[in-house]
Amino acid sequence: MGTQSTNSPESVPGSGPDGREPAGSGRIPTPSWLTSILRHDVPASIVVFLVALPLSIGIAIASGAPVAAGLIAAVIGGVVAGALGGSALQVSGPAAGLTVIVAESINQFGWRVTCFIVAAAGVLQILFGLSRIARAALAVAPVVVHAMLAGIGITIALQQLHVLLGGESNSTAWTNITDLPAQLAALHGPAVFLGAVVIVIMLGWKYLPERVRVVPGALAAIVVATVLSLMFSLDVKRVTIDGSLFDAIGLPELPRSDWAGVVMMILTFALIASVESLLSAVAIDKMHTGPRADFDREMLGQGSANVLSGLLGGLPVTGVIVRSSTNVAAGARSRASAVLHGVWLLIFSVALASLVEQIPLAALAGLLIVIGVQLVKLAHIRLAHRTGDLLVYVATLVSVVFLNLLEGVLIGLALAFALLLWRVVRVTITAEPLGGTDRWLIQVDGSCTFLSLPKLSSTFAKVPPGIPVTVEMTVDFLDHAAYDAITDWARQHESNGGTVDFVEIGAARMANVEVAPPSRSMSRVALDGVLGPWQVDRNGSSNGAGDNGDPLVSGIAAYHRSHAHLVRPHLDELRDGQDPDSFFLTCSDSRIVPNVITNSGPGDLFTVRNVGNLVPEHGDASVEAALVFALEKLNVRSVVVCGHSSCGAMGALHSGEPAGPGIDRWLEYGRPSLESYRAGHVVGRAAEAAGFGPVEQLSMVNIAVQLENLRRHPSVRRAADERGVTVSGLFFDIASARVIEVRPDGIAPIEDNDELLAQLQREPAQSAR
């Protein structure tokens, strides 16, 4: 026998490595794909079938359609959409999300015309798929989708509550609410009992042992309620099926009038079914590690299923998250599970239709009430409240419940768009005096457009005439109207004896307004203005610092315009003295910017720079004076040596070629580092193992040697003993812009604080599991 495998879906016990029986086994070889279907997809399809059966019947009844229409849609959704769709593990069929709109269509146009609408919507979905615009259907605010589903759930619950009480549901939510007191007064005891049994079982099923929950809760609830109704001969309304499933098949009818309403209904069916299917496919993709969904193909599969369902007299088909998640949880590996679940539904509907007629309507009503209530998710409401979208959620939900599905969604989308527009174009404008001075500060933050003119005018009116004013512009969009208002006011203020200084922190700059149409600038532009070099890059662009000839002077001017205002408060606190945290010795190389790579600011680093970041033990008064001053006068808490890649000093040491009289004399202080590197220093070996070149290895060894020199220094030893001053080494890799720690025993990456925090947060969760 071949080697057994219990983990791979491509093989079974006793199969060979290719999924077939080994030669000479005497058994017919079994393809690996067939093995996987038999082991995983067939059991999963049975579970999904048991879930889909009561739901399909209940949705048909809730829609006011023939019961057989729900079964037809379930069969076609499983076989056609399962075989042709773009999501391998998604299961399609009649969905609660379309119940309200189907009921409205039947009430307005009749059942056979509704079948035509279903088929026409399927054609439109196929066009969506062929035109490759399926992903555009995902451009719907999630809060609108969540509210739409909640509105549908409430509508279903209100309808089915009357059925559970023994009555008939009404066509509108308002009527269902107003008629509820009368229905409660005339409730039917057996129907209420059976509905309550179903609700209790559905809600309590998740608390039962796992071996019991192998049976779907919906199926168990319906079976128990049906058995009780038969055991006690309860007089309740039951499901009726006129003839067999094949008898229910019939061609749709063309509408005789109101084509405008029909077209609108077709569009509504197509859009709602498409969005629900695509959102379900996205959710299912997050639940498994197999191939991702092809949204355009999914539209082709859903459209084909709806065309066939409409032509045969079925409900509209869409991807259903409940059945799909059940499919994944049951262990399905391919689309065979969805197809087979449709086959089982067909066999049951043809051979065992008489069992369906024993199901009490009140039991299905209890099932649908639970499903409807579960569509209202508290997590979605909390999310809408946290994100400021609660108004959109409530408006959409109320509109879906009391108007109709399409109008509710359109109202929700309009509100969501209006809220988005307000958030994008809003601007915060404040004006207040700076404490302790006669200067005023005006802050403009956000998108400054013609819509901001009233706020700009009212804010400028608060500023007293004849005083100095700083205008801080933190804007990402500035149009010509707002620019004119700001500059006109500035000219008027200056003519009255005042002064106006503009500080432009945001990405949108005033100098660009009159030379090009306004556009939303990216924050990266502003960042490049701070960190970008003066030099023109290879593409010929410039950060603007060198436009006036002398880059140093122009850079200072740019600093005054945009960043001096931000630095001033920090420097004001340091005007009477400094309290740096670290003595920072680094190379003179122009590519090393200590405050940038350490994310520090003014007053944090007491920096000393020299060629090769060397610490001569004897003979250099500059480093000695700075080190002693930092330790004994400034009481720094750490001493740092920072080297870097592509270091010219280390390159000259490694090559041994003369670099010039003055440089060669200085590099003699680096000779001990070269000797340690050639002797196989542990740091050099670690750098080599990490893939660094010889010059970088020498640079890291040099850092380690300078740290040894520092640790032997009397002032460093005394500060370490008395105050716990630390000595550490850093290596800056220019190519990757990453900083590496150099230790006596090797090198190590310095992780971001966010990554460390994430690791700490993961550890308790893992231990809890």
Side-chain angles (χ1 to χ4, degrees), residues 63-65 69 73 76-77 81 85 92 94-142 144-145 147-149 151-152 155 252-281 295-296 298-311 314-320 396 399-417:
S63 302
I76 294 173
S92 301
L98 287 172
T99 299
V100 175
I101 194 170
V102 171
E104 183 180 343
S105 177
I106 294 174
N107 182 61
Q108 186 174 353
F109 303 109
W111 168 240
R112 287 300 174 190
V113 174
T114 298
C115 292
F116 167 79
I117 292 173
V118 172
V123 173
L124 192 55
Q125 286 182 295
I126 293 175
L127 293 178
F128 290 163
L130 292 175
S131 59
R132 309 188 69 82
I133 62 170
R135 288 183 182 272
L138 295 175
V140 178
V144 175
V145 177
M148 177 193 75
L149 293 175
I152 291 170
T155 303
E253 292 181 2
L254 292 175
R256 294 184 175 86
S257 61
D258 194 14
W259 273 94
V262 170
V263 170
M264 184 60 66
M265 192 65 72
I266 291 171
L267 184 62
T268 303
F269 270 48
L271 290 178
I272 298 300
S274 299
V275 170
E276 187 167 350
S277 297
L278 294 178
L279 291 176
S280 174
F295 292 142
D296 294 310
E298 183 65 20
M299 282 297 91
L300 294 175
Q302 295 292 334
S304 301
N306 275 315
V307 169
L308 188 58
S309 181
L311 292 177
L315 289 172
V317 171
T318 183
V320 188
T396 305
S399 300
V400 168
V401 172
F402 293 106
L403 298 177
N404 59 55
L405 189 62
L406 179 60
E407 292 179 6
V409 170
L410 291 178
I411 290 173
L413 290 176
L415 277 175
F417 180 78

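All residue numbers refer to positions in the sequence shown, counting from 1.
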**Request:** Can you see which heavy atom on Ile76 is nearest to which on Ala305, and at what distance?
**Result:** CG2-O, 3.4 Å

**Request:** Measure the spacing between CD1 of Ile117 and CD1 of Ile106 and express it to the nearest 0.5 Å.
**Result:** 9.5 Å

**Message:** Apply side-chain contact (heavy atoms from CB on, under 4.5 Å) to residues Val118 and Phe269 and explain how you reach the verdict.
**Reply:** CA-CA 7 Å; Val118 172; Phe269 270 48; 3.7 Å; yes

**Nearest-0.5 Å distance that lies between atom CD in Gln125 and atom CD1 in Ile266** = 12.0 Å

**Shortest non-hydrogen separation from Ala134 to Phe295 and the atoms involved** = CB-O, 3.5 Å

**Prompt:** For Ala95 and Val320, which heavy atoms make the closest approach, and how far apart are they?
**Reply:** CB-CG2, 4.0 Å

**Prompt:** Can you check whether Val409's main-chain N or O pairs, donor with acceptor, with Thr396's side chain at less than 3.5 Å?
**Reply:** no

**Asked** Do Val100 and Val400 come within less than 4.5 Å of each other through their side chains, counting heavy atoms only?
**Response** no

**Asked** Taking the side chain as C-beta and beyond, is there a heavy-atom pair between Leu267 and Leu124 under 4.5 Å?
**Response** yes

**Request:** Could you walk me through whether Leu278 and Met299 pass side-chain contact (heavy atoms from CB on, under 4.5 Å), step by step?
**Result:** CA-CA 8 Å; Leu278 294 178; Met299 282 297 91; 4.0 Å; yes

**Request:** Measure the CD1-CD1 distance between Ile272 and Ile152 for me, rounded to the nearest 0.5 Å.
**Result:** 7.0 Å

**Prompt:** Looking at CD of Gln108 and CG of Asp258, how far apart are the two atoms once the value is rounded to the nearest 0.5 Å?
**Reply:** 6.0 Å

**Prompt:** Are any side-chain N or O atoms of Ser105 and backbone N or O atoms of Ile101, one a donor and one an acceptor, separated by less than 3.5 Å?
**Reply:** no

**Message:** Applying side chain to side chain contact (heavy atoms under 4.5 Å, CB included), can you list everything that pairs with Leu415, at least two apart in sequence or on another chain?
**Reply:** Val392, Ala395, Ile411

**Asked** Would you say the side-chain atoms of Glu298 and Ser277 include a donor-acceptor pair closer than 3.5 Å?
**Response** no

**Asked** To the nearest 0.5 Å, how far apart are CG in Leu127 and CD1 in Ile133?
**Response** 9.0 Å

**Complete:** Here the gap from Leu271 atom CG to Glu276 atom CD, rounded to the nearest 0.5 Å, amounts to 13.0 Å

**Request:** For Asn107 and Ala103, indicate whether the former's side chain and the latter's backbone hold a donor-acceptor pair under 3.5 Å.
**Result:** no

**Prompt:** If you take all heavy atoms of Met265 and Phe109, which pair is closest and at what distance?
**Reply:** CE-CE1, 4.0 Å

**Request:** Determine yes or no for a side-chain-to-main-chain donor-acceptor pair under 3.5 angstrom, with Asn306 supplying the side chain and Val317 the backbone.
**Result:** yes

**Request:** Over all heavy atoms of both residues, which pair between Ile126 and Leu300 is shortest? Give the atoms and the distance, please.
**Result:** O-CD2, 3.5 Å

**Prompt:** Taking side chain as C-beta onward, heavy atoms only, is Ser274 less than 4.5 Å from Gln302?
**Reply:** no

**Asked** Which pair of non-hydrogen atoms, one from Val144 and one from Ala416, has the smallest distance, and what is that distance?
**Response** CG2-CB, 4.2 Å

